[in-house]
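Comments concern the structure below.
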Amino acid sequence: QVQLVESGGGSVQAGGSLRLSCVVSGYTYSFYCVGWFRQAPGKEREGVARISTSEPTTDYADSVKGRFTVSREKNTVYLQMNSLKSEDTAMYYCAIRPACAPLGLRFIDFWRQGNWGQGTQVTVSS
C-alpha cells in the first residue's frame, strides 16, 4: 500500500525558512514523479514543485522559483522553502505518480489520480 507522509510545516515570519519532508513507502515503480502542491483557504490547489527520476529532474512554479528547492534522498522528498512570504501560507501536500505532468492547473486532475499525503500546514506572518 502506497503511503505518503508530510511533515515540517509550522509558523514562521516573512523572510524565514522551512523544510518540508515527504516520506514515501510502498511504492514499487522504478520511475516516479513527486509533486508538491499547496492550497490556501478559498483557493484552488496549485502545483509548487516536482521532482522525477528522469531528466529534467525538477520544475517549479514561477511564484516560487529562486526561493524553493525540491530534492530527493532515498524514499524522502524535501521542499526547502526560503524567503517565505505571507502568500506562501497554505496547506502543503505531496503526491506521487509513475509519470510526470506539468504543475499547471490544467494538469491537477492528472495529479489527483496519484497517491497523496495528508498535508502539512505552513503559516507565514508578515
Side-chain angles (χ1 to χ4, degrees):
Q1 182 178 355
V2 179
Q3 191 173 21
L4 287 78
V5 180
E6 303 98 333
S7 62
S11 297
V12 296
Q13 290 192 327
S17 299
L18 283 173
R19 188 175 81 156
L20 307 184
S21 299
C22 172
V23 178
V24 181
S25 61
Y27 203 76
T28 59
Y29 290 97
S30 59
F31 171 82
Y32 61 84
C33 199
V34 173
W36 280 100
F37 298 82
R38 65 186 181 187
Q39 188 166 17
K43 294 189 177 181
E44 293 187 62
R45 189 168 297 190
E46 61 174 350
V48 173
R50 68 170 189 182
I51 187 166
S52 73
T53 55
S54 68
E55 296 292 338
T57 58
T58 61
D59 192 21
Y60 299 91
D62 288 342
S63 59
V64 305
K65 280 181 181 177
R67 300 189 299 122
F68 290 13
T69 303
V70 61
S71 62
R72 175 174 60 91
E73 183 175 346
K74 293 184 179 179
N75 66 327
T76 302
V77 177
Y78 301 98
L79 185 67
Q80 177 68 44
M81 306 186 297
N82 299 327
S83 302
L84 283 163
K85 306 175 181 180
S86 57
E87 50 263 45
D88 294 319
T89 295
M91 184 71 80
Y92 283 70
Y93 303 88
C94 59
I96 191 168
R97 290 219 65 185
C100 263
L103 297 167
L105 289 175
R106 294 191 297 123
F107 300 94
I108 285 296
D109 286 342
F110 169 88
W111 287 99
R112 287 188 186 277
Q113 295 174 46
N115 298 95
W116 289 74
Q118 82 291 346
T120 186
Q121 178 68 38
V122 171
T123 302
V124 184
S125 57
S126 56

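As the structure is a prediction and not an experimental result, all values here were calculated from the model. The chain is numbered in sequence order, starting from 1.
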In terms of ring plane angle, is the pair Phe68 and Tyr92 parallel, tilted or perpendicular, where the classes change at 30° and 60°? tilted
Taking side chain as C-beta onward, heavy atoms only, is [X] less than 4.5 Å from [Y]?
X	Y	answer
Val48	Leu103	no
Arg72	Tyr32	yes
Met81	Leu20	yes

Report yes or no: do Val12 and Val64 belong to one cluster of Ile/Leu/Val/Met/Phe/Trp/Tyr joined by side chain heavy-atom distances under 4.5 Å? yes
Should Phe110 and Trp116 be regarded as members of a common hydrophobic cluster, given that ILVMFWY residues are connected when their side-chain heavy atoms come within less than 4.5 Å of each other, either directly or indirectly? yes
Applying side chain to side chain donor-acceptor pair (under 3.5 Å), which residue pairs with at least one partner in residues 96-112 are found, sequence neighbours left out? none
Per the side chain to side chain donor-acceptor pair (under 3.5 Å) rule, what does the pair list look like for residues 78-90, sequence neighbours excluded? Ser17-Asn82, Arg38-Asp88, Arg67-Asp88, Gln80-Asn82
Output for pair (Ser126 OG, Leu84 CG), nearest 0.5 Å, gives 12.5 Å
Let me confirm one number: the CD-OG1 distance from Gln13 to Thr123, rounded to the nearest 0.5 Å. 13.0 Å
Between Gln118 and Val5, is there a donor-acceptor pair closer than 3.5 Å when you use the side chain of the first and the backbone of the second? no
I'd like to know if the side chain of Arg50 reaches the main chain of Val70, judged simply by a donor and an acceptor atom lying under 3.5 Å from each other, with no hydrogens or angles considered. no
Under 6.0 Å from the CZ atom of Phe107, do we count more than 12 heavy atoms belonging to anything else shown? yes
List the atom of [X], the atom of [Y], and the distance in Å for their closest heavy-atom pair.
X	Y	answer
Gly47	Phe37	CA-CD2, 3.4 Å
Ala49	Leu79	CB-CD1, 4.0 Å
Gly8	Thr120	N-OG1, 4.1 Å
Phe31	Pro98	CD2-O, 3.2 Å
Tyr60	Lys65	O-CE, 3.3 Å

Walk me through it: do Trp36 and Val77 pass the test side chain to side chain contact (heavy atoms under 4.5 Å, CB included)? CA-CA 9 Å; Trp36 280 100; Val77 177; 3.6 Å; yes
For residues 96-126, which residue pairs pass the disulfide (SG to SG under 2.5 Å) check, not counting sequence neighbours? Cys33-Cys100
Mind checking what makes side chain to side chain contact (heavy atoms under 4.5 Å, CB included) contact with Val2, not counting sequence neighbours? Leu4, Tyr27, Ile96, Asn115
Among all residues two or more places apart in sequence or in another chain, which pass the side chain to side chain contact (heavy atoms under 4.5 Å, CB included) test with Ala40? Lys43, Ala90
